[in-house]
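Data block below; observations after.
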Amino acid sequence: MQRKLTRGRLLLFVVLLMTIASGLALRGYGYAINLPFAVVKYGGSLLWGAMVYWLLAAIFVSQRRFRIAVAALLIAVAVEFFRLWHTPDLDAFRLTTAGALLLGRVFSLWNIAAYAAGIARHLRSIAHCPERGARLDVLA
């Protein structure tokens with residue numbers, strides 16, 4: 001059983017890394033290839049929400065996917081509301097690339113909607129994935 005969980009966890013980390021790479025590519029090159037602002041801005045937020053989901057799914061492999069989705073949404077909303085809190089050190093961190101990617105800079109209800117859509121989209125898409133031997137609720 002442990003071997004199956006490890007294999008499933010590895011797959012989830014691969015999906016997580018692919019989601020991160022997609023988000024970085026979209027934010028880094030989206031404007032350069034003339035993608036519309038909304039696609040770059042909210043596509044990145046969709047992927048950020050999905051990234052939170054995949055991270056939790058990889059950590060909590062045996063949990064049900066709906067429970068992981070709810071936790072991911074709560075974390076994403078908390079991070080968004082955290083943008084309303086300002087201190088000099090926190091604002092300095094937000095000005096760095098890592099700070100902008102992890103915490104963001106400006107509060108937006110549209111971001112929350114994009115996070116929810118990203119989480120829901122991935123939750124819906126994996127609901128149609130066939131089981132491949134191991135019973136992994138986050139993938140089944």
Side-chain angles (χ1 to χ4, degrees):
M1 174 124 181
Q2 184 64 29
R3 183 173 173 191
K4 291 178 183 177
L5 288 177
T6 302
R7 193 176 314 146
R9 184 171 278 138
L10 178 62
L11 175 63
L12 289 166
F13 274 117
V14 168
V15 173
L16 170 67
L17 292 174
M18 288 172 43
T19 303
I20 292 170
S22 297
L24 291 173
L26 181 63
R27 288 288 172 99
Y29 303 108
Y31 295 121
I33 60 172
N34 295 321
L35 290 176
F37 169 80
V39 171
V40 176
K41 170 70 173 117
Y42 297 110
S45 294
L46 277 160
L47 290 168
W48 195 92
M51 182 232 16
V52 175
Y53 176 85
W54 293 124
L55 178 62
L56 292 178
I59 294 169
F60 303 107
V61 175
S62 62
Q63 292 294 317
R64 299 247 178 234
R65 64 179 183 257
F66 183 76
R67 182 176 285 179
I68 292 170
V70 169
L73 183 59
L74 290 173
I75 289 170
V77 169
V79 168
E80 189 66 27
F81 275 98
F82 188 64
R83 293 177 185 181
L84 296 172
W85 185 37
H86 295 278
T87 65
D89 289 339
L90 192 54
D91 287 341
F93 178 65
R94 285 184 176 127
L95 292 175
T96 67
T97 301
L101 291 172
L102 293 173
L103 301 178
R105 293 186 180 140
V106 179
F107 175 82
S108 170
L109 290 174
W110 290 110
N111 283 343
I112 294 174
Y115 302 150
I119 292 166
R121 168 69 178 101
H122 284 78
L123 182 63
R124 191 180 68 187
S125 68
I126 60 175
H128 302 294
C129 292
E131 291 189 53
R132 297 182 189 240
R135 181 174 184 266
L136 297 171
D137 291 330
V138 293
L139 293 176

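Closest of all the heavy-atom pairs between Ile59 and Arg9 is O-NH2, 3.1 Å. Nearest approach of Ile112 to Glu80, heavy atoms of both residues: CG1-CG, 3.5 Å. The minimum heavy-atom distance between Phe93 and Ala98, with the atom names listed, is CZ-C, 4.1 Å. In terms of heavy-atom proximity, Arg83 sits nearest to Asn111 at NH1-ND2, 2.9 Å. Pairing each heavy atom of Ala50 with each of Thr19, the nearest pair is CB-CG2, 4.1 Å. Between Ile119 and Gly49, the shortest heavy-atom contact is CG1-O, 3.3 Å.
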For this session: Kindly determine whether Ile20 and Trp54 satisfy side chain to side chain contact (heavy atoms under 4.5 Å, CB included), including the steps that lead there.
Result: CA-CA 10 Å; Ile20 292 170; Trp54 293 124; over 6 Å; no

For this session: Could you check Leu56 against Ile75 for side chain to side chain contact (heavy atoms under 4.5 Å, CB included), going step by step and ending with a plain yes or no?
Result: CA-CA 10 Å; Leu56 292 178; Ile75 289 170; 3.7 Å; yes

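In terms of modelled atom types and a separation under 3.5 Å, the side chain of Gln63 and the main chain of Ala57 share no donor-acceptor contact. In terms of modelled atom types and a separation under 3.5 Å, the side chain of Trp48 and the main chain of Gly118 share no donor-acceptor contact.
Put simply, OG1 on Thr97 and CG on Leu102 are 10.5 Å apart, with the number rounded to the nearest 0.5 Å. One finds the CG atom of Leu95 at 10.0 Å from the CG atom of Leu90 (value rounded to the nearest 0.5 Å). In this structure, CG on Leu103 lies 11.0 Å from CH2 on Trp85, to the nearest 0.5 angstrom.
Note on Tyr42: it does not cluster hydrophobically with Leu73, by side-chain heavy-atom contacts below 4.5 Å among ILVMFWY residues. Under a hydrophobic clustering in which Ile, Leu, Val, Met, Phe, Trp and Tyr are joined whenever their side-chain heavy atoms come within less than 4.5 Å, directly or via other members, Leu55 and Val77 fall into the same cluster. Grouping the Ile, Leu, Val, Met, Phe, Trp and Tyr side chains by contacts below 4.5 angstrom, directly or via other members, places Leu47 apart from Val15. Linking Ile, Leu, Val, Met, Phe, Trp and Tyr residues whenever their side-chain heavy atoms come within less than 4.5 Å leaves Leu101 and Leu46 in two separate clusters.
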Pairs of donor and acceptor atoms involving the side chains of residues 21-36, under 3.5 Å and at least two apart or interchain, shall be tabulated with distances.
residue	atom	partner	partner atom	Å
Ser22	OG	Met18	O	2.9
Arg27	NE	Val40	O	3.2
Arg27	NH2	Lys41	O	2.8

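Listed by first and then second residue, the salt bridge (charged side-chain N to carboxylate O under 4.0 Å, His left out) pairs involving residues 92-111 are Asp91-Arg94 (not counting sequence neighbours).
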